[in-house]
Each structure stands twice: as structure tokens, then as C-alpha cells.
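This report concerns only the one structure given below.
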Amino acid sequence: MWMPPEQNQSWVSEFILFGFSGDPTSNRILFFAFLLLYLSSILGNGLIITLICLDSHLHTPMYFFLCILSLLDMGCVTTTMPQMLVHLLAHSQTISFASCWLQMYVFGALGLTECIFFVVMAYDRYVAICYPLRYTVILSWDLCTRLAAQTWACGFFFSLIHTFLTMRLPYCGPNIVNHYFCEGPSVRSLSCMDTHLIEMVDLVISVFVLVTPLSLILASYIHIAFAILKIKSTRGRCKAFSTCASHLTVVTLFYAPATYIYMRPKSSYSSERDKQISLFYNVFTTLLNPVVYSLRNKDIKGAFLKVMERGRVTW
């Protein structure tokens, strides 16, 4: 069992987030590029939340879950991007131990919640296609609210375990994190003790929040596929498949990089590669989610046109 070091001087009181480049010119270019990506992500997800709240026709379980997904995406990207943008222009890239702890916890909580929440969204599609006549009866508002609350609770609980174990490790130096935010594996690599036990705990958590949800999603879509094949009309099959395509696309974009980051063996760890992959599932997936749902969803498009029309009438 680890015991605190005898001298406080061995503790690291702050970390240095290396980011992407040490060149000021490159950092300025990256600043404007990432600022555009961040603002686009916030605008896209914020627009979906606003449209769902304003249009009563979208007050259904499917869009309730989509609203929560957009909220999770906004939270994830806001937890990391503002800090990175500041560091791209500032002379100092330091982050205090407490701030690193908080960032790791919040990002992990939102990310783990999203992992589990994709199962809830898959269940929504399963009920809608396999039991269309009982959809509103099975997915009552009471059940939807409880599913959402339990998902958030699980995410924040498992993130607390992951963050507590990681930040309880002794960090004696160096304190340079080759990443743009405090992500567990990158920070843990700086520890001056064996992390095998904590890695095993993280693996168990990853199995619970990555492998298990993904297995449930695959199982639900196998049932959905059989249900779609039973539909006689080609138009009906296309419509049923269209309602699932967006969710499958988002799940693939999120789970593939996240599984690699948190479930690959330590021997294959590469800080540069992990930094790029985490950028994809943190920033680009958050940006693509509103695009995927809005481009393939007539209801979202219709709600947007209604809001625009109201704005013109008011103006």
C-alpha cells in the first residue's frame, strides 16, 4: 500500500500541459482553428437543445434523449477547450494540482455518462421499431427521467473512483503532461510508483462503461435488424433504418477512439497518438453530432424553419 512521502518537497503542486506545439506562430494558428471548432460545437449543440425546447412536436423521448446528449457534449468540450485556448496564447501552460483533479473528474464524469447514455438511446430506438404501438406507454416520462438520472449518477460515481485513484498517486517529477488537458492515462504516466493495480481497476471500470454498453447496443440493433427485415415495404424499411443510422454513426465515432484510449495495453501507450485520438472524440465528435442528427432529421429541420419563420414575423 502506498504511503505519503515523508517530505512535502517530493509532491508536485502543479502540472505543465505541453499541448500541441512550442512554437508561438503555430500556437496562434491553432488557437483560431480550435476556437472556431469550439464555437461551432457550442452553437450546433446549443441550437439542437433550443429547437427541442421550443418546438412542442419534439417533446418526445427520442428528442429528450438527444437534448441530453447535446448537453453532455457541450459539457465535455467546455471542460477542456477553454483551458487549451488560454494555454495556446499564454506564456505559462501550468495547471494547479486541484484544477487538474477537477478537470479530470468532470471530463471523466461527462464522458462516462455519455458512454452509458448511448445504451438508453439504443433502447429508445429498439422500443420505437420493435414495439411502435406501445412506444409512449413503455417509454413514459417517468421512466425517461429515471433512466437519465441513473445514467448521470453512474457516470459521476465511476469517474470519482478513477480520478481519486489517479490523483492519489505520488507525483515526484517531472510534471510535464504531454497532453492538452488532464486525462487520466497521460497524468498517471508521470507517477513515481507502480500503477499496475490502478490500471486493473480502470480496466474493470472500462469494461463496465465501455464493453458492456457496447454489447447491449449491438444486441439491441440485432433485434432491430430482424424487426426491420420483417417490414414488407421498402419505404418502411428505409424509414426505420434512417431512424437508427444517426445513432449508429455517433456511437461509432465516440466508442472507437475512447475504447482505444482506455482499454489498450500500457505497452502500446504513445502520448502523441493518444493526444490526437482524444482530440477526435472530445472535439470533433462533439462538432459532428449536431451535423449528423440535423442533416438526417426532418423534424429538426422543420423545427428550425418554424423558429426562423417566427423570428421573421416578430421582426
Side-chain angles (χ1 to χ4, degrees), residues 45-46 48-76 108-160 205 207-228 230-231 236 239-252 254-255 258 286 289-290 292-294 296-300 302-303:
N45 286 285
I48 285 183
I49 294 173
T50 302
L51 292 176
I52 292 174
C53 292
L54 292 179
D55 194 335
S56 59
H57 294 92
L58 300 182
H59 294 175
T60 63
M62 173 183 173
Y63 293 107
F64 171 69
F65 295 143
L66 178 56
C67 185
I68 294 178
L69 177 63
S70 294
L71 188 62
L72 287 169
D73 283 339
M74 289 176 66
C76 280
L110 296 175
L112 293 176
T113 300
E114 190 162 338
C115 285
I116 304 172
F117 194 70
F118 280 126
V119 179
V120 177
M121 298 183 73
Y123 177 66
D124 168 72
R125 293 298 83 208
Y126 166 75
V127 175
I129 293 176
C130 297
Y131 304 98
L133 299 179
R134 299 177 56 198
Y135 177 69
T136 55
V137 176
I138 296 175
L139 280 176
S140 62
W141 281 112
D142 179 63
L143 177 61
C144 291
T145 303
R146 283 190 285 112
L147 287 173
Q150 291 168 7
T151 301
W152 281 76
C154 287
F156 277 77
F157 173 72
F158 285 114
S159 180
L160 181 62
I205 294 176
V207 169
F208 186 84
V209 300
L210 284 173
V211 178
T212 302
L214 188 57
S215 301
L216 292 173
I217 291 171
L218 290 175
S220 67
Y221 274 103
I222 290 174
H223 285 88
I224 289 172
F226 282 117
I228 291 177
K230 292 179 181 179
I231 300 176
K239 184 178 180 180
F241 176 77
S242 179
T243 62
C244 302
S246 298
H247 182 249
L248 280 173
T249 302
V250 170
V251 166
T252 303
F254 182 87
Y255 271 98
T286 303
N289 284 356
V292 170
Y293 279 106
S294 61
R296 300 184 60 88
N297 195 301
K298 295 181 180 179
D299 293 334
I300 294 290

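A centroid separation of less than 6.0 Å is found between the aromatic rings of F64 and W141.
Proximity of L160 to F156: side-chain heavy atoms (C-beta onward) are nowhere separated by under 4.5 Å. By the 4.5 Å heavy-atom criterion applied to side chains, C130 and F226 are not counted as neighbours. Between M74 and I49, some side-chain heavy-atom pair lies under the 4.5 Å cut-off. Annotation: side chain of F117 is not in contact with side chain of P213 (no heavy-atom distance under 4.5 Å). Residues I217 and V251 meet the side-chain proximity criterion, which asks for heavy atoms closer than 4.5 Å. Looking only at side-chain heavy atoms (C-beta outward), L58 and I300 come within less than 4.5 Å of each other. D124 places a side-chain heavy atom less than 4.5 Å from the side chain of Y135. Between S220 and Y123 the shortest side-chain heavy-atom distance does not fall below 4.5 Å.
At distances below 3.5 Å, not a single donor-acceptor pair connects side-chain atoms of S140 with backbone N or O atoms of V137. Checked by atom type and distance alone, the side chain of S70 never pairs as donor or acceptor with a backbone atom of I48 at under 3.5 Å. The backbone N or O of C53 sits less than 3.5 Å from a side-chain atom of H59, completing a donor-acceptor pair.
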> Can you list the steps and then say if C76 with E114 is a side-chain contact (heavy atoms from CB on, under 4.5 Å)?
Replying inline: CA-CA 10 Å; C76 280; E114 190 162 338; 4.3 Å; yes
>> Run the side-chain contact (heavy atoms from CB on, under 4.5 Å) test on M62 and R125 for me, step by step, so that the C-alpha distance in whole Å, both residues' side-chain angles and the decisive distance to 0.1 Å come before the verdict.
In response: CA-CA 8 Å; M62 173 183 173; R125 293 298 83 208; 3.5 Å; yes
>> For a side-chain contact (heavy atoms from CB on, under 4.5 Å) check, start with the C-alpha distance between Y221 and I224, then their side-chain angles and the critical distance, and finish with the verdict.
In response: CA-CA 5 Å; Y221 274 103; I224 289 172; 3.7 Å; yes
>> Using the rule given for side-chain contact (heavy atoms from CB on, under 4.5 Å), can you reason through N45 versus L71, listing the C-alpha separation, both sets of side-chain angles and the distance that settles it, and then say yes or no?
In response: CA-CA 7 Å; N45 286 285; L71 188 62; over 6 Å; no
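From F65, atom CZ reaches atom CD1 of I52 across 12.0 Å, with rounding to the nearest 0.5 Å. Distance CH2/W152 to OG1/T113: 6.0 Å, rounded to 0.5 Å. C67 contributes atom SG, which lies 10.0 Å from atom CG of L72 (distance to the nearest 0.5 angstrom). Here Q150 contributes atom CD and T145 contributes atom OG1; the two are 10.5 Å apart, rounded to the nearest 0.5 Å.
The only member of T60, L139, I68, V120 that meets side chain to side chain contact (heavy atoms under 4.5 Å, CB included) when paired with C144 is L139. Results of the side chain to side chain contact (heavy atoms under 4.5 Å, CB included) test with V119 over L147, L214, L216, T151 single out L216 as the only residue that passes.
Residue H57 places its NE2 atom among 12 or fewer non-hydrogen atoms of other residues, nucleotides or ligands, all under 6.0 Å distant.
Counted by atom type alone, D55 and Y63 present zero donor-acceptor pairs between their side chains at under 3.5 Å.
Minimum interatomic distance between C115 and L210 (heavy atoms only, all atoms of both residues): SG-CD2, 3.5 Å.
Using cut-offs of 30° and 60° on the angle between ring planes, the pair Y255 and F118 is tilted.
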